[in-house]
Amino acid sequence: MKVSAAVVEELGAPFRVEELELDEPGPGEALVRIVASGICHTDEITRHGDLPMPFPGVLGHEGAGVVVAVGDGVTAVRPGDHVVIGWPSCGTCRNCRDGEPRYCARLGEALCGGGRLLGPHAGRPALRRPGGTPVHSHFFGQSSFATYSLTWAEALVVVPKDAPLALLGPLACGFSTGAGAVLNTLRPAPGASLVVYGVGAVGLAAVMAARLTPATTIIAVDRHPARLALAAELGATHTVDARAADPVAEVRRLCDGPTDHALECTGVISVVRQAADSVGMLGTCVLIGGAPAGAEFGLDHLSTLWGKRIVGTLGGSGRAQPLIGALIELHRQGRFPFDRLARFYELGEIGEALAASRRGEVIKPILRMDH
C-alpha cells in the first residue's frame with residue numbers, strides 16, 4: 001500500500017516527506033493508521049548518529065492510531081482498536097519473561113535494526129520506494145513518522161475510544177519515561193525529596209508523577225524560565241534557574257542537605273555530574289537523558305561508595321500496558337495533564353517542529369497525519 005512518510009536519506013540529512021510503499025501485515029503483525037506521532041529527542045539524536053539506525057530510513061517512535069488490518073495468528077488486537085504503539089521485544093529472553101520487556105536482550109536490534117525483529121521476514125524492512133529500493137523501517141518497532149505503520153501486534157496498547165488519541169503517542173516513550181522513572185524506579189517514600197534536572201517533556205512528566213507520590217519536596221532545575229514556571233504549575237515545590245545559581249548548592253540549601261532522589265533528563269554530561277552530586281548516602285540518581293554516543297562521565301568514588309546508587313532507566317521500565325493505561329486514566333481525572341505540554345504540527349512541518357523544540361518554544365511537538 002502507499003504511505004506518506006518523512007524519510008532521512010543519510011546520516012545528518014533533513015526529513016523529507018515522500019510517498020513510499022508499505023508491506024501488508026504478515027503473521028503476528030498489525031497495520032496501524034497513524035493519527036499522530038510525537039517527536040522525541042531520540043529521533044533527533046538518531047538522525048545524527050547517536051543510535052545506529054541504518055539509512056535511508058523512517059524514524060518516529062511515539063505513534064498512536066487505529067488498527068486497520070492484522071496478520072495471521074493475531075488475537076491481541078483487531079481492526080478498529082485505538083492503540084498506542086509500544087516498544088517491541090522478543091518476548092522470550094529472561095528480561096522479557098521477568099516482566100521487563102524494555103530491557104529485552106535484543107533491544108538494540110528491536111529499536112534501530114532497520115527492519116522487522118520477528119516473524120518470517122525478520123530483519124527485512126517493510127518500506128520501499130516505488131522503484132523497489134528498500135527504505136529502513138521499524139524504528140522502535142514502528143517508524144511512525146508516516147501515515148501508516150506496520151508493527152508487531154503484541155507491542156500495541158489498546159486504549160479507550162473516548163481518549164484523545166492524537167495526544168496519546170508520547171505515552172509510548174517521553175511521558176512514560178519520565179513518569180515511570182518516578183513511579184516504577186524511584187517510588188519515593190513519604191516525605192522524600194526529589195530533584196529533576198531538565199524539565200522538557202520527560203522532566204515535566206516526572207514532575208507530574210512526583211506530585212502523585214508522597215514526596216514533599218519536588219525541585220525543578222532548568223535554564224528556561226518559561227519551563228520552570230510551567231513546572232511550578234504542574235507540581236514542583238521549588239525551581240532553580242541553572243543560569244543564575246549553582247544547582248547542587250541550591251538543592252542542598254532547599255533540602256537542608258542532599259536530596260533523596262535526582263533524575264537527570266538532559267543527557268548533558270556536566271549535568272549528569274550535578275545530578276549525581278545532589279544525592280547523598282543511600283540516595284538514588286536516575287539517568288534518563290540521551291547523551292551523545294561514546295560519552296563518559298566521572299564520579300567521586302568515596303561519596304558513591306557510601307550507598308549512593310546511579311541507575312539508568314529506559315522507557316519508564318516495567319510493562320507498557322499498565323503504565324500507559326494508568327496515565328490515560330490519571331489524565332482523564334485531571335491529575336496528569338500532559339496535554340498542556342503538546343503543540344500540533346502537520347507531517348510536512350516536521351522541520352519547523354524540530355526547530356521550535358530546539359529553541360525551547362515547544363515542549364512536546366506532535367505530528368498529525370493528513371489522511
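The first residue in the sequence is number 1, and the count goes up from there. What you see is a predicted model; the values in this text were computed from it and never measured.
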Point to revise | Close side-chain approach of Pro160 to Arg332, heavy-atom, < 4.5 Å | key: no
Check your understanding: Do Asp246 and Glu250 come within less than 4.5 Å of each other through their side chains, counting heavy atoms only?
Key -> no
Review point. Which heavy atom in Val199 sits nearest to a heavy atom in Arg227, and how many Å separate them?
Key: O-CD, 3.5 Å
Exercise for review: In sequence, state the C-alpha distance, the side-chain angles, and the governing distance for Met1 and Leu31, and then conclude on side-chain contact (heavy atoms from CB on, under 4.5 Å).
Suggested key: CA-CA 11 Å; Met1 65 177 297; Leu31 180 66; 3.4 Å; yes
Check your understanding: Is the backbone N or O of Val158 less than 3.5 Å from a side-chain atom of Asp81, with the two atoms forming a donor-acceptor pair by type?
Key -> no
Review point. Has Arg273 got its NZ or CZ under 6.0 Å from the middle of the six-membered ring of Phe297, at an angle within 45 degrees of the ring axis?
Key: no
Point to revise | Smallest separation among heavy atoms of Ile366 and Pro170, with atom names | key: CD1-CG, 3.9 Å
Check your understanding: According to a 4.5 Å side-chain heavy-atom criterion applied to Ile, Leu, Val, Met, Phe, Trp and Tyr, with indirect links allowed, do Val362 and Leu234 form part of one hydrophobic cluster?
Key -> no
Check your understanding: Do Arg47 and Asp43 sit within salt-bridge range, that is, some charged N less than 4.0 Å from a carboxylate O?
Key -> no
Exercise for review: Could you walk me through whether Leu254 and Val251 pass side-chain contact (heavy atoms from CB on, under 4.5 Å), step by step?
Suggested key: CA-CA 5 Å; Leu254 293 169; Val251 168; 5.8 Å; no
Study note, to complete from the structure: One should read off an interatomic distance between Glu100 CD and Arg94 CZ, to the nearest 0.5 angstrom, of 12.0 Å
Check your understanding: Would you say the side-chain atoms of Ser137 pair up with the backbone N or O of Ala126, donor to acceptor, closer than 3.5 Å?
Key -> yes
Revision key, fill the gap. Between the CE atom in Met53 and the CZ atom in Phe140, the distance rounded to the nearest 0.5 Å is 10.5 Å
Practice item. Check for a donor-acceptor pair, side chain of Glu154 on one end and backbone N or O of Leu156 on the other, with a separation under 3.5 Å. Key: no
Practice item. Evaluate whether atom CD of Gln333 has more than 12 neighbouring non-hydrogen atoms of other residues, nucleotides or ligands under 6.0 angstrom away. Key: yes
Exercise for review: Any chance you could lay out the side-chain contact (heavy atoms from CB on, under 4.5 Å) test for Arg358 and Glu44, step after step, and finish with the verdict?
Suggested key: CA-CA 10 Å; Arg358 284 194 295 268; Glu44 184 73 332; 2.6 Å; yes
**Study point:** Heavy-atom check, side chain of Asp72 versus side chain of Val74, under 4.5 Å
**Key:** no
Point to revise | Validation row: Met208, Leu341 side chains within 4.5 angstrom (heavy atoms) | key: yes
Check your understanding: Under 3.5 Å, side chain of Glu264 to main-chain N/O of Gly267, donor-acceptor pair present?
Key -> yes
Exercise for review: Tell me whether Val207 is reachable from Val271 by hopping between hydrophobic residues (I, L, V, M, F, W, Y) whose side-chain heavy atoms are closer than 4.5 Å.
Suggested key: no
Practice item. Quick one: closest heavy-atom pair of Ala105 and Cys93, and the distance? Key: N-SG, 3.3 Å
**Study point:** Results of side-chain hydrogen bond (donor to acceptor under 3.5 Å, both in side chains) for Arg116 - residues two or more places apart only
**Key:** Asp23, Glu29
Study note, to complete from the structure: Distance col, row Leu183:CG vs Ser176:OG, nearest 0.5 angstrom, shows 10.0 Å
Review point. Are Ile310 and Val286 connected in the hydrophobic side-chain network, where two residues link if heavy atoms are under 4.5 Å apart?
Key: no
Exercise for review: Flag the pair Arg129 and Glu19 as a salt bridge only when some basic side-chain nitrogen lies within less than 4.0 angstrom of an acidic carboxylate oxygen.
Suggested key: no
Check your understanding: Which pair of heavy atoms, one from Ala201 and one from Lys364, lies closest together, and at what distance?
Key -> CB-CE, 3.7 Å
**Study point:** Interatomic distance, Arg128 atom CZ to Leu22 atom CG [nearest 0.5 angstrom]
**Key:** 8.0 Å
Review point. Is there a path from Leu263 to Val240 through hydrophobic residues (I, L, V, M, F, W, Y) whose side chains come within less than 4.5 Å of each other?
Key: no
Practice item. Report the hydrophobic cluster partners of Leu117, with the cluster defined as I, L, V, M, F, W, Y residues connected by side-chain heavy atoms closer than 4.5 angstrom, directly or transitively. Key: Leu118, Trp152
Practice item. May I ask you to decide if Leu20's main-chain N or O and Lys2's side chain share a donor-acceptor pair within less than 3.5 Å? Key: no
Exercise for review: Please answer whether the main-chain N or O of Ser193 pairs with a side-chain N or O of Thr259 as donor and acceptor at a distance below 3.5 Å.
Suggested key: yes
Exercise for review: Flag yes if more than 12 heavy atoms outside Asp256 fall under 6.0 Å of its CG atom; otherwise flag no.
Suggested key: no
Check your understanding: How are the rings of Phe336 and Phe175 set to each other: parallel, tilted or perpendicular (split at 30° and 60°)?
Key -> perpendicular
Review point. Within the distance-only criterion (no hydrogens, no angle test), does the side chain of Asn184 pair as donor or acceptor with the backbone N or O of Gly316 below 3.5 angstrom?
Key: yes
Review point. In Å, rounded to the nearest 0.5 Å, how long is the span from OG of Ser357 to OH of Tyr345?
Key: 8.5 Å
Check your understanding: Between Ser89 and Tyr103, do the side chains contain an N or O donor and an N or O acceptor separated by less than 3.5 Å?
Key -> no
Practice item. For the pair Val58 and Val7, evaluate side-chain contact (heavy atoms from CB on, under 4.5 Å) and give the outcome as yes or no after the intermediate values. Key: CA-CA 5 Å; Val58 176; Val7 179; 4.1 Å; yes
**Study point:** Asp222 CG to Arg243 CZ distance, which is reported to the nearest 0.5 Å
**Key:** 9.5 Å
Exercise for review: Measure from the side-chain N and O atoms of Glu329 to the backbone N and O of Ala326, and report whether any donor-acceptor pair falls under 3.5 Å.
Suggested key: no
Check your understanding: Is Asp277 close to Val248 at the side-chain level, that is, under 4.5 Å between some pair of heavy atoms?
Key -> yes
Review point. Is there a donor-acceptor pair closer than 3.5 Å between any side-chain N or O of Arg368 and the backbone N or O of Phe344?
Key: no
Practice item. Provide the closest heavy-atom pair for Cys265 versus Gly203 in the form atom of the first, atom of the second, distance. Key: SG-CA, 3.9 Å
Check your understanding: Does a side-chain N-to-carboxylate-O contact under 4.0 Å join Arg343 and Glu361?
Key -> no
Review point. Which heavy-atom pair separates Val279 from His261 by the least distance, and what is that distance?
Key: CG1-C, 3.8 Å
Practice item. Check whether any side-chain heavy atom of Pro27 sits under 4.5 Å from a side-chain heavy atom of Pro120, and report yes or no. Key: yes
Check your understanding: Do Cys285 and Lys308 have side-chain heavy atoms sitting under 4.5 Å apart?
Key -> no
**Study point:** In one Ile/Leu/Val/Met/Phe/Trp/Tyr side-chain cluster, 4.5 Å: Leu230, Val196
**Key:** yes
Practice item. Give a yes or no answer on whether the side chain of Ser317 reaches the backbone of Thr313 with a donor-acceptor pair at less than 3.5 Å. Key: no
**Study point:** Side chain to side chain, Ile219 and Cys255, heavy atoms closer than 4.5 Å
**Key:** yes
Exercise for review: Examine His331 together with Phe338 and report whether their ring centres are nearer than 6.0 Å.
Suggested key: yes
Check your understanding: Should the pair His61 and Phe139 be assigned to parallel (<30°), tilted (30 to 60°) or perpendicular (>60°) ring geometry?
Key -> perpendicular
